[in-house]
Amino acid sequence: MIEPAIELNCVTIKLGTRCVLDNISFTVNKGEFIGLLGPNGSGKTTLMRTLLGLSPIAHGRLRVLKNRVTFGNTAIGYMPQVRNTAIAQRLSGRDFIACAFNGNRLGVTLSRSRKRRTVDDVLAIVGASTLAERPFVELSGGERQRLLLAQCLLGQPKLLLLDEPLISLDPNHQASVVELVRRVQRQLGITILFSAHELNPLLNVIDRVLYLGNSLAVLGTVDQVITPSVLSRLYGGVPIDVIRISGRIFVMFGGIEIEQCHHSHNYNSVYV
Ligand SMILES: Nc1ncnc2c1ncn2[C@@H]1O[C@H](COP(=O)(O)OP(=O)(O)OP(=O)(O)O)[C@@H](O)[C@H]1O
């Protein structure tokens, strides 16, 4: 039976005077792997923060895992885009994960041995047991992402919000992070919202794509969403071309590949 994981019904999200998302409705089903795309500033992070209860909605109805949004919901794992890992440089992989037990992040008190077992479990799930004793400072970007993902799994979440986990990784490491998330998702049967600037690394793993832009949101299969007419609406009415070559998809405006503009943070000439 299909059950909802994230339900938005006519939701409006404002930050200050800016209407980031305006009257949007969609339902993500339990167990789906959703690629969250859209230009810089389209509201990907804001949407995740709203699902976490960090940012209120102005209007509408929002349910996460069938419940109203509450701050500190351990059923949601979150990997934020900007991570201050400087503090982690001297820690071992194991201690880096274990430090998420401190503070009130999980809201539960566990014995030392139980904490250790839990950390071992999440390390095993992400295939990072061999990183447990290595200093965080020595790890590659891809290995760090593995540990960050393990940290997200500590609370046994049912929903994972991953904010641009591919940023600053080369294509090989991007592919291995995507594959890892897919494997973990299948193993644990959880729902994934995975934001990215580029669709192609996610093409083989996502069930559907949620594309934000122009304060709007469209959820559907890649074939339903990545079309000139839908994307033109999301990019404010400019003419968009969609080119498919060798199993890859390129979204173009005036001969420029839009996703490359997102990367260079030079999309203002495109996003009007
Ligand atoms: N406190 C705030 N007050 C007003 N506007 C804000 C505030 N915080 C963020 N914004 C704006 O809200 C919009 C949405 O930002 P958000 O970070 O959610 O976008 P994003 O799609 O995640 O962008 P990126 O791809 O660059 O990470 C941006 O235009 C941002 O400048």
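Whatever order the structure lists ligands and atoms in, that order sets their numbers, starting from 1.
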*Keeping to residues at least two apart or across chains, list the ring-ring contact (aromatic ring centres under 6.0 Å, His included) pairs with something in residues 137-179.*
none
*Which pairs pass ring-ring contact (aromatic ring centres under 6.0 Å, His included) with one or both residues in residues 24-45, sequence neighbours excluded?*
F33-F194
contact_flag [X] ligand 1 heavy-atom lt 4.0 Å:
X    : value
R49  : no
S42  : yes
S195 : no

Any chance [atom1] of [X] has more than 12 other-residue heavy atoms, nucleotides or ligands included, within less than 6.0 Å?
X    : atom1 : value
E3   : CD    : yes
R244 : CZ    : yes
K14  : NZ    : no

*Heavy-atom distances under 4.0 Å are what count here, so tell me which part of K44 touches ligand 1: side chain, backbone, both or neither.*
both
*Given that the side chain starts at C-beta and the backbone is N, CA, C, O, which of these parts of N40 lies under 4.0 Å from ligand 1, counting heavy atoms, or is it both or neither?*
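Within the 4.0 Å criterion, N40 contacts ligand 1 through backbone and side-chain atoms alike.
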*Q81 heavy atoms, cut-off 4.0 Å: which ligand 1 atoms fall inside?*
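The atoms of ligand 1 under 4.0 Å from a heavy atom of Q81 are 27 (O).
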*Without hydrogens or angle criteria, can the side chains of S195 and D163 be said to hold a donor-acceptor pair below 3.5 Å?*
yes
_Looking at every heavy atom in both L193 and M48, which two are closest together, and how far apart are they?_
O-CE, 3.7 Å
_For the 3.5 Å polar cut-off, considering only N or O atoms, please tell me whether G43 and ligand 1 meet it._
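Yes; at least one N/O pair falls below 3.5 Å.
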*asked:* What I want to know is whether G38 and ligand 1 share at least one N or O pair that is separated by under 3.5 angstrom.
replied: no
_Candidate with minimal heavy-atom separation from atom 6 (C) of ligand 1, of T17, L15, I13_ =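 Residue with the shortest heavy-atom distance to the ligand atom: L15.
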